2 protein chains.
Amino acid sequence: MPTIYQVAERAGVSLSTVSRVLNGKASVNKVLKERVDKAVKELNYRPNSVARSLANSRTDSIGVLVPELNAPFFGDLMQAVESTLRAADKHVIISVGQNCVETEKDAVEFLISRNCDALIMHAEALSDEYLLELNQSKLPVALVNRQVEGLPEACTSLDNEKGGYLATRHLLELGHKDIAYISGPKDKSDASLRLQGHKRALSEAGLPVDPQLIFNGDYSEEDGKVGLLELMARDIPFTALVCANDWMASGALSCARDLGMSLPQDLSIVGFDDVVFAHHVFPRLTTVSNPIAEMAEMSAKYILNKVYGQANEVQHYFEPSLVVRESTVKHEG
Amino acid sequence: MPTIYQVAERAGVSLSTVSRVLNGKASVNKVLKERVDKAVKELNYRPNSVARSLANSRTDSIGVLVPELNAPFFGDLMQAVESTLRAADKHVIISVGQNCVETEKDAVEFLISRNCDALIMHAEALSDEYLLELNQSKLPVALVNRQVEGLPEACTSLDNEKGGYLATRHLLELGHKDIAYISGPKDKSDASLRLQGHKRALSEAGLPVDPQLIFNGDYSEEDGKVGLLELMARDIPFTALVCANDWMASGALSCARDLGMSLPQDLSIVGFDDVVFAHHVFPRLTTVSNPIAEMAEMSAKYILNKVYGQANEVQHYFEPSLVVRESTVKHEG
DNA sequence: CTGTTAGCGCATTCAT
DNA sequence: ATGAATGCGCTAACAG
């Protein structure tokens with residue numbers, strides 16, 4: 001590995017001149033510049049990024065925290081972040097939080113110890129206070145798909161209430177009146193907002209909100225199944241079901257099929273997120289789109305602005321929209 | 001940010017003593033060690049990993065190349081690599097190759113410029129020659145799910161031929177005799193090996209290999225659909241279909257349903273890889289399991305051995321196995 | 001067992 | 001516009 005020193009020697013100039021042409025910040029005599037370029041080529045010189053980082057205390061690396069690596073939702077997120085950042089010659093160090101406070105803290109510590117220039121996180125378990133504190137520690141932070149009081153510009157978020165509203169509204173328009181709901185964990189704001197939207201749609205239609213038609217799930221596929229069984233056991237009839245995410249919808253879907261129901265005639269089901277397998281399930285899932293890739297891209301651009309002086313436009317709030325497929329059908333009756 | 005120097009000062013020892021207790025390599029007087037530990041705590045000192053890297057020319061980071069970030073198959077791969085490496089306090093820099101030679105080369109260049117200690121790659125487009133050359137450049141390389149002549153110990157791979165054999169064998173045992181096959185790109189060795197296994201199963205059963213019953217796909221969902229339509233257009237009856245991966249199987253599945261066929265009665269379908277959505281599709285997909293997570297883990301352990309002096313056992317060859325679900329059924333007739 | 005010294009490769013003052 | 005000198009924070013001989 002040639003060093004900048006050897007390049008200087010071969011080009012017959014000083015260290016600093018080479019550095020200058022490499023970074024293009026200061027102006028350099030054209031002749032010298034050419035000699036340097038030539039030497040660089042001949043030696044196949046590549047700057048040592050570690051040394052560079054030590055000298056200017058920038059690593060050009062951004063830490064990314066996601067709950068898991070093998071879920072389509074977070075795959076979309078990472079894809080968007082990586083490509084946006086890579087276009088700016090930054091790179092991504094990915095770390096996994098596993099939905100657990102301790103692991104998430106560890107992961108953040110890990111990323112910090114790696115001297116990341118900034119953090120982009122989809123933090124599930126970390127508290128708002130922790131995030132605020134982190135942000136004040138002069139390490140820029142971007143929060144994807146989350147809203148933290150006091151950090152408006154660092155967050156991108158979705159109007160989850162509207163999403164919940166759209167899902168239920170769709171079913172109402174199809175003539176359903178008895179609509180069950182499988183919620184996400186109520187301590188998560190997105191879950192409670194989605195539920196809130198559901199209730200608003202019901203109210204607007206002049207329908208009561210029956211707590212017996214609501215099941216509290218944990219966003220897992222398994223809980224889609226458990227939830228459906230539990231709801232049916234309560235013996236209050238319903239012709240449609242909203243699930244707070246696609247995983248639970250998928251669980252409910254296959255459970256319903258296993259129960260011998262014919263879908264969507266016997267039960268209309270709506271999901272949330274529009275993850276990639278939403279059109280793999282049968283019947284293809286009607287769901288609410290979640291523009292996670294765009295939110296992730298905006299987070300990356302926000303960091304690019306904040307840390308590297310770029311000037312991208314960044315959007316912080318996003319609207320969900322309904323994606324109608326085949327798992328919902330008009331209620332005859 | 002406190003430096004090692006300030007820790008030394010506060011503990012009343014020298015720089016090197018601090019370094020020694022931090023790295024635990026050499027032995028240090030117990031009393032001094034305690035003073036150092038105390039100072040570290042009090043100052044909340046965290047070693048600067050960049051400086052450390054510059055001094056010992058190790059970044060403790062491993063470059064990972066995958067074709068895409070938002071596919072379940074590669075999600076499993078990354079998950080396994082990340083957790084294995086993280087347990088050893090190494091970290092992962094992920095880069096995307098997009099199935100394209102140029103992009104893959106760029107990605108590799110990028111990772112090299114980042115001073116990765118090693119590379120773990122699922123390289124799709126890069127040639128064997130390129131990989132051999134890379135490996136000789138003293139940068140250790142591990143190839144996941146690929147076999148390169150001349151680099152036996154760097155590779156983990158699956159017995160794809162056997163996988164193809166198992167898929168077709170299963171259908172034969174169910175009484176099917178007319179079995180169509182949608183292959184992956186024939187320039188990829190896994191695809192051609194899977195097809196080869198299919199043919200062997202046919203031959204062993206004394207059945208002819210009809211080229212008219214084979215369609216060349218590109219592993220995409222779309223080609224599952226296109227392939228099925230094309231095969232049906234050829235007007236040679238078949239009662240079962242093997243697809244060289246789950247994506248194509250999924251495409252074929254939903255295409256068949258759209259055509260009004262009732263599954264699995266009208267057509268038995270087998271996939272390959274057992275990706276996460278294999279049990280989301282309807283009917284749940286019978287497929288061949290691909291232990292990608294284990295292969296990835298082994299690649300990580302291989303690197304841990306090779307670069308960081310660990311001594312894990314590493315397995316290089318893996319056997320696929322059949323996962324029977326509901327998309328295949330006995331052929332009556 | 002401990003402290004002193006010298007780089008690792010580069011960016012950046014500061015002079016010129 | 002250019003070169004010489006200094007330091008980023010740490011590890012690793014080396015000497016004691």
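These numbers were taken from a predicted model, which means no experiment stands behind them. No hydrogens, no waters, no symmetry mates; every other heavy atom, side chains included, goes into these values. In what follows, chains carry the letters A, B, and so on, assigned in the order in which the sequence lines appear, proteins first and then strands, with residues in each chain numbered from 1.
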Does any donor atom in the side chain of A:N312 or A:Y302 lie under 3.5 Å from an acceptor atom in the other side chain?
no
Rounded at 0.5 Å granularity, tell me how far CG in A:L22 sits from OG1 in A:T17.
11.5 Å
I'd like to check the salt bridge (charged side-chain N to carboxylate O under 4.0 Å, His left out) partners of A:D60; sequence neighbours left out, ordered by chain and number.
A:K90
For A:E297, which residues count as a salt bridge (charged side-chain N to carboxylate O under 4.0 Å, His left out) partner, sequence neighbours excluded?
A:K301
Writing each nucleotide of DNA chain D 5' to 3' as (, ), [, ], | or . by Watson-Crick or G-U pairing under 3.5 Å yields ||||||||||||||||
Which nucleotides of nucleotides 9-16 of chain D have their base under 4.0 Å from a protein heavy atom (B), which only their sugar-phosphate (S), and which neither (-), written as one string 5' to 3'?
BBBB----
Keeping to residues at least two apart or across chains, list the side chain to side chain donor-acceptor pair (under 3.5 Å) pairs with something in residues 64-79 of chain B.
A:N70-B:D76, A:N70-B:Q79, A:D76-B:N70, A:Q79-B:N70
Judged by atom type as modelled, is there a donor-acceptor pair below 3.5 Å linking the side chain of B:R20 to the main-chain atoms of B:L15?
no
Going through the checks in order, is the salt bridge (Lys or Arg N to Asp or Glu O under 4.0 Å) test met by A:R146 and A:E124?
CA-CA 9 Å; A:R146 173 159 179 171; A:E124 299 282 342; over 6 Å; no
Which is the 5'-most and which the 3'-most nucleotide of DNA chain C that has an atom under 4.0 Å from a heavy atom of chain A?
C:dG9 to C:dT12
Carefully, step by step, assess A:N115 and B:S49 under the rule side chain to side chain donor-acceptor pair (under 3.5 Å).
CA-CA 7 Å; A:N115 299 56; B:S49 62; 3.1 Å; yes
Below 4.0 angstrom, N of the basic side chain to O of the carboxylate: do A:K38 and A:E42 qualify?
yes
Check every strand shown and say whether A:S27 touches a base, only sugar-phosphate, or nothing at a heavy-atom separation below 4.0 Å.
sugar-phosphate
A side-chain contact here means heavy atoms from C-beta on lying under 4.5 Å apart; do A:F110 and A:R114 qualify?
yes
